[in-house]
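Within every chain, numbering begins at 1; the chains are lettered A, B, ... in the order of the sequence lines, protein sequences first and strands thereafter. Values in this document were obtained by computation on a predicted structure and should not be read as measured data.
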2 protein chains.
Amino acid sequence: MEYTVQKLAQLAGVSSRTLRYYDQIGILTPARVNSSGYRIYGQKEVDRLQQILFYRELGIALETIKEIMTAPSFDAEKALNEHREQLLKKRKQLDLLITNVEKTIASAEGRMNMSDQEKFEGFKKKMIDENERKYGKEIREKYGEDTVNQSNAKLMNMSQEDYEAVTKLEAEVREALAEAFATGDPAGELAQKAAELHKRWLTYYWTEYSKEAHAGLAQMYVEDERFTAYYDKEQPGMAAFLRDAVHIYTGQK
Amino acid sequence: MEYTVQKLAQLAGVSSRTLRYYDQIGILTPARVNSSGYRIYGQKEVDRLQQILFYRELGIALETIKEIMTAPSFDAEKALNEHREQLLKKRKQLDLLITNVEKTIASAEGRMNMSDQEKFEGFKKKMIDENERKYGKEIREKYGEDTVNQSNAKLMNMSQEDYEAVTKLEAEVREALAEAFATGDPAGELAQKAAELHKRWLTYYWTEYSKEAHAGLAQMYVEDERFTAYYDKEQPGMAAFLRDAVHIYTGQK
DNA sequence: TATTGACCTTTACGTTACGTCAAGGTTTAT
DNA sequence: ATAAACCTTGACGTAACGTAAAGGTCAATA
């Protein structure tokens, strides 16, 4: 079956302008152009457009889609399976939002209380996801190996006094964190105090402190299972809670 | 709890630029501005931002959101219930897309066949939904009452001959439609023939024919249950099928 | 106390993915 | 043959920010 711009647009539920734009940026060129300059699309283009729309639905920029699809390693079938997974993820996220709105209704009716944190559950998830994809590896490379090594180096040179102080601080962090965790609010006073203690503890290990690095490390606590295991030992979710508290404390994205 | 731009942005998962922009367009102004010009947000603003994000999630333009929320008739609780419904709709639509991708995988593996129509199931739905919200009423007003009245007037003046011809055409339309419906492809030859017959039948009733009006009427077949009942009598889904066929035939959105 | 670094401000230009004319050629139907 | 409904290529407009520049503010540190 062959389609003109408008027919294909109608079929796919997009505008003809969109198809012309896609031709312009070279992401979807017609099978051929007839003698009077009309764009004619064939079966291959129909399938390609479908693929493009799947990617678009997931919020991926057209430029990126183009790169993905023109890469020699592109595997259409594999892509479809990824689409499926991403769509399922998206549905989970939507479910979070629905839970959120239901909680908000209940809270408006006075049937329950909601922290400010909870009010944005489901919105945020998306951003964190993107951040993880974008920066996850980078953060690890930047703040992971390097600072861990530095930490060790510094630890070697610590005096007995320092060592005792740092051990005591560590206990205080854990204690404050457990107390804060019970409140459930990483923006609360207790959690912010825990974040501050965590910072003071950190400065014993780091040669220099920056909010950015602090936030990066907190993110790593959730991403790297060795850290997660350490913090979640007593209470599952503690690592994530600490990360949230630190991110608010540092005000860092 | 009071928040500076960055803190609120962090809380809600948006950028500080976004908050400044929202202030600029007057959709979310801070509770107050401190002595050095810093924006300070309070509880009311947190809740308002949450509402805005719900609307935004549903793809509504900020300008429209602003109009909705500043209208004197705005009822926050009612809005939340609508959000819930819209989000549930969105989930249904997502399920359609997931079904689509699964079908596509199956078809790529040769386990089943898919029509071009089916390949865009779930993408299109969104547009139709928007069209309905935007133009549904307008179409009904434009092509509904008016053309129905005109039709009646013309019918009154029909000759016996014309009447017989139109009755025969009506039977042909139904026959062609039933045949086409069995193929399941509204873009196919049979369906397009049915659409053409439908047009010829229409011209007996209408003083003037236009593709736009034809497409509008077809849309009404699905929206107005009196029409839907008539066409779906023999086969449920027939009205929608006819609409699709006519929309492709007329190439109209 | 001075400095530094992370905040905050406004101004302003850039970007993405199209929507929307405008001006003109082509195809189809009456 | 004339009109209606296609198609084409510009080209400018728009929404919702991102991003960079230039400069004040504030808390912590040397």
Side-chain angles (χ1 to χ4, degrees), chain A residues 2-10 13-28 30 32-41 52-53 55-57 59-66 127 130 134 196 199-200 203 208-215 248-253, chain B residues 2-10 13-28 30 32-41 52-53 55-57 59-66 127 130 134 196 199-200 203 208-215 248-253:
Chain A
E2 295 204 321
Y3 300 89
T4 59
V5 252
Q6 192 121 224
K7 300 270 168 146
L8 179 56
Q10 174 69 24
V14 302
S15 74
S16 53
R17 174 67 171 96
T18 298
L19 293 182
R20 264 181 234 115
Y21 180 65
Y22 287 2
D23 185 10
Q24 185 187 324
I25 64 172
I27 194 175
L28 181 71
R32 62 193 179 80
V33 176
N34 77 8
S35 59
S36 40
Y38 288 22
R39 291 174 179 82
I40 308 291
Y41 297 89
I52 293 171
L53 293 185
Y55 279 115
R56 193 182 70 165
E57 184 71 22
I60 298 171
L62 293 179
E63 198 49 46
T64 313
I65 298 178
K66 188 180 163 186
M127 206 197 61
E130 267 173 37
K134 260 181 166 166
E196 200 216 317
K199 172 192 169 175
R200 281 173 51 197
T203 54
E208 57 178 335
Y209 172 88
S210 83
K211 296 201 175 188
E212 205 192 345
H214 192 182
I248 291 163
Y249 176 75
T250 59
Q252 210 77 27
K253 40 180 169 172
Chain B
E2 295 204 321
Y3 299 91
T4 59
V5 251
Q6 192 124 224
K7 299 270 167 149
L8 179 57
Q10 175 70 25
V14 302
S15 74
S16 52
R17 174 65 172 101
T18 297
L19 293 181
R20 265 181 232 114
Y21 180 66
Y22 286 2
D23 185 11
Q24 185 187 324
I25 64 172
I27 196 176
L28 181 71
R32 61 191 180 80
V33 175
N34 77 7
S35 59
S36 40
Y38 288 22
R39 293 175 180 78
I40 309 291
Y41 297 88
I52 292 170
L53 293 186
Y55 280 114
R56 194 181 69 164
E57 184 70 22
I60 298 172
L62 293 180
E63 196 50 44
T64 312
I65 298 177
K66 189 181 165 187
M127 205 198 60
E130 266 173 37
K134 259 181 168 167
E196 201 218 316
K199 173 192 168 175
R200 281 173 53 194
T203 54
E208 56 175 338
Y209 173 87
S210 82
K211 294 201 175 188
E212 204 192 346
H214 191 182
I248 291 163
Y249 177 74
T250 60
Q252 210 76 28
K253 37 180 175 176

Practice item. Assess whether side chain to side chain contact (heavy atoms under 4.5 Å, CB included) is satisfied between A:Tyr22 and A:Leu62, documenting all intermediate values. Key: CA-CA 9 Å; A:Tyr22 287 2; A:Leu62 293 179; 3.4 Å; yes
Find the distance [X]:[atom1] to [N]:[atom2] and express it as a whole number of Å.
{"X": "B:Leu62", "N": "D:dC17", "atom1": "CG", "atom2": "C1'", "result": "9 Å"}
{"X": "B:Gln6", "N": "C:dC7", "atom1": "CD", "atom2": "C1'", "result": "7 Å"}
{"X": "A:Ile40", "N": "C:dT26", "atom1": "CD1", "atom2": "C1'", "result": "12 Å"}
{"X": "A:Arg32", "N": "D:dC7", "atom1": "CZ", "atom2": "P", "result": "14 Å"}
{"X": "B:Gln24", "N": "C:dT10", "atom1": "CD", "atom2": "P", "result": "10 Å"}
{"X": "A:Arg17", "N": "C:dA22", "atom1": "CZ", "atom2": "P", "result": "16 Å"}
{"X": "B:Asp23", "N": "D:dC17", "atom1": "CG", "atom2": "P", "result": "14 Å"}
{"X": "B:Leu28", "N": "D:dA16", "atom1": "CG", "atom2": "C1'", "result": "15 Å"}

Revision key, fill the gap. Residue pair B:Thr4/A:Ala61 against DNA chain C: nearer the 5' end by closest nucleotide is B:Thr4
Review point. Of the nucleotides D:dG18, D:dC7, C:dC18, which has the atom closest to the A:Tyr22 side chain?
Key: C:dC18
Check your understanding: Of the candidate nucleotides C:dG19, C:dT9, C:dC18, which contains the atom at the shortest distance from the side chain of B:Val5?
Key ->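 The listed nucleotide nearest to B:Val5's side chain is C:dT9.
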Check your understanding: Where do A:Ile52 and A:Leu28 come nearest, in terms of heavy atoms and distance?
Key -> CD1-CB, 4.0 Å
Exercise for review: Compare every heavy atom of B:Lys7 with every heavy atom of A:Ile248, then report the nearest pair and how far apart it is.
Suggested key: O-NZ, 3.6 Å
Check your understanding: Are B:Ser15 and D:dC17 close enough that a side-chain N or O sits under 4.0 Å from OP1 or OP2?
Key ->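 For B:Ser15, the contact criterion (side-chain N or O under 4.0 Å from OP1 or OP2 of D:dC17) is not met.
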Check your understanding: Does a side-chain N or O from A:Ser36 land closer than 4.0 Å to OP1 or OP2 of C:dT27, or not?
Key -> yes
When you measure only distances, ignoring hydrogens and angles, does the side chain of [X] come within 3.5 Å of the base of [N] through a donor and an acceptor?
{"X": "A:Arg20", "N": "D:dT9", "result": "no"}
{"X": "B:Tyr38", "N": "D:dG24", "result": "yes"}
{"X": "B:Arg39", "N": "C:dT9", "result": "no"}

Point to revise | Stepwise side chain to side chain contact (heavy atoms under 4.5 Å, CB included) check, B:Ile25 with B:Lys66 | key: CA-CA 9 Å; B:Ile25 64 172; B:Lys66 189 181 165 187; 5.5 Å; no
Exercise for review: Applying side chain to side chain contact (heavy atoms under 4.5 Å, CB included), run through A:Arg56 and A:Val14 and close with a yes or a no.
Suggested key: CA-CA 12 Å; A:Arg56 193 182 70 165; A:Val14 302; 4.2 Å; yes
